[in-house]
Amino acid sequence: MRIDILTVLPELLESPFAASIMKRAQDKGLVEIHIHNIRDYSTNKHRNVDDYQYGGGAGMVMSIEPIACLIEKLKTERSYQEIIYMTPDGELLEQPLCNTLSLQGNLMILCGHYKGVDERIREHYITKEISIGSYVLSGGELAAAIVVDSVVRLIPGVLNDETSALTDCFQDGLLSPPVYTRPPEFNGWKVPEILLSGDTAKIEMWREDKAIERTKSKRPDLLK
Ligand code: ADE
């Protein structure tokens with residue numbers, strides 16, 4: 001998979017992909033992440049990437065030219081399955097969308113800033129608009145990092161134990177059951193006896209019961 005991220009703040013996207021699973025996925029050649037600075041495509045002598053909005057009103061709008069120029073350039077180099085725009089008014093990011101995106105070959109992600117991008121970018125280039133939640137961030141970069149992380153970890157071979165993505169929260173519409181590790185007792189707080197029993201069938205049943213119980217109490221909406 002190849003992911004191209006278009007941003008005016010490339011420095012915000014340096015660390016999220018430079019460690020742990022995201023770094024390993026790139027080192028193994030399972031994903032290529034390319035960060036592009038929109039400012040490099042500004043033809044303006046001050047390298048401006050935004051302008052006042054038509055009709056007046058507070059807040060700058062990201063200009064069409066540098067973004068269109070960068071998108072056109074990338075599109076001549078390869079075809080993209082989705083050109084995504086990160087925006088609070090987009091489709092809410094949920095596990096099924098992450099699963100779908102993880103099956104794609106090339107993705108482009110545009111990070112919004114200020115009051116947003118000139119609407120013509122959305123109309124003519126964007127194929128999918130994604131929100132990470134009903135709150136407003138100062139820019140789309142952190143949201144883009146979340147999309148990339150949630151998608152890349154699903155690419156086969158990225159996680160060491162392939163089944164671990166399948167047993168994630170939300171994959172079967174349930175929250176995950178509680179987990180424990182050594183020691184078996186701390187401050188008198190004991191690990192549930194059944195987990196130490198070695199009876200794998202009973203442990204599976206216990207986990208399923210706990211997953212349902214937890215989902216009922218914390219996220220009853222998932223059971224509808
Ligand atoms: N940009 C600003 N807020 C956002 C959000 N909640 N989701 C995606 N992109 C955003």
Side-chain angles (χ1 to χ4, degrees), residues 1-18 21-22 25 31 33-42 48-55 57-71 74-75 80-104 106-155 168-171 218-219 221-222:
M1 174 182 276
R2 177 182 165 120
I3 304 176
D4 291 274
I5 308 181
L6 287 53
T7 171
V8 291
L9 286 174
E11 57 272 36
L12 268 185
L13 289 164
E14 275 163 22
S15 65
F17 312 128
I21 291 169
M22 293 302 113
V31 66
I33 301 172
H34 297 266
I35 316 283
H36 305 271
N37 190 346
I38 295 169
R39 216 171 278 285
D40 293 341
Y41 294 81
S42 170
N48 285 347
V49 287
D50 59 339
D51 210 335
Y52 296 101
Q53 53 177 311
Y54 276 124
M60 304 295 272
V61 174
M62 288 171 80
S63 305
I64 189 166
E65 291 102 331
I67 298 172
C69 175
L70 174 51
I71 294 178
L74 291 170
K75 280 175 61 167
Y80 287 86
Q81 278 71 53
E82 296 287 4
I83 302 183
I84 298 166
Y85 176 49
M86 300 310 308
T87 172
D89 62 15
E91 171 184 350
L92 200 58
L93 182 69
E94 306 252 32
Q95 194 63 49
L97 178 54
C98 306
N99 296 351
T100 305
L101 292 176
S102 75
L103 303 172
Q104 308 301 341
N106 299 317
L107 298 175
M108 207 190 291
I109 306 181
L110 170 63
C111 306
H113 256 270
Y114 320 112
K115 276 275 161 199
V117 293
D118 188 306
E119 188 66 18
R120 291 166 291 183
I121 290 284
R122 297 174 73 159
E123 278 169 19
H124 299 287
Y125 291 113
I126 298 301
T127 61
K128 191 171 273 302
E129 302 184 325
I130 301 180
S131 164
I132 61 157
S134 304
Y135 42 83
V136 180
L137 302 166
S138 22
E141 284 75 12
L142 299 181
I146 285 171
V147 169
V148 172
D149 187 296
S150 65
V151 167
V152 167
R153 62 190 293 285
L154 298 172
I155 299 171
D168 279 343
C169 259
F170 304 118
Q171 281 298 14
K218 291 179 190 261
R219 290 291 305 273
D221 57 297
L222 294 176

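Whatever order the structure lists ligands and atoms in, that order sets their numbers, starting from 1.
Between His113 and Val49 the shortest side-chain heavy-atom distance does not fall below 4.5 Å.
Heavy-atom proximity to Ser131, at under 4.0 Å, picks out these atoms of ligand 1: 6 (N), 7 (N), 8 (C). Contact atoms of ligand 1 toward Ile130: 8 (C) (distance under 4.0 Å to a heavy atom of the residue). Ligand 1 places these atoms under 4.0 Å from at least one heavy atom of Val136: 3 (N).
Remark: minimum distance from atom 6 (N) of ligand 1 to any protein heavy atom is reached at Tyr135 O, 2.8 Å. Closest to atom 10 (C) of ligand 1 among all protein heavy atoms lies Pro88 CD, 3.6 Å. At the shortest separation from atom 3 (N) of ligand 1 among protein heavy atoms lies Leu137 N, 3.0 Å. Atom 9 (N) of ligand 1 has its closest protein heavy atom at Thr87 N, 3.2 Å.
Residue Gly133 places a heavy atom less than 4.0 Å from ligand 1.
Taken from CG in Leu13 to CG in Asn37, the straight-line distance is 10.5 Å, to the nearest 0.5 Å.
Between Ile130 and the choices Leu101, Thr87, Ile146, the side chain to side chain contact (heavy atoms under 4.5 Å, CB included) rule is met once, by Leu101. Shown are Leu74, Leu6, Ile71; of these, the side chain to side chain contact (heavy atoms under 4.5 Å, CB included) with Ile83 is made only by Ile71.
Environment of OH in Tyr54: sparse, with no more than 12 heavy atoms of neighbouring residues, nucleotides or ligands closer than 6.0 Å.
Between the Gln81 side chain and the Asn106 main chain, a donor and an acceptor come within less than 3.5 Å of each other.
The side chain of Ala143, and not its backbone, has at least one atom closer than 4.0 Å to an atom of ligand 1 (non-hydrogen atoms only; side chain from C-beta on).
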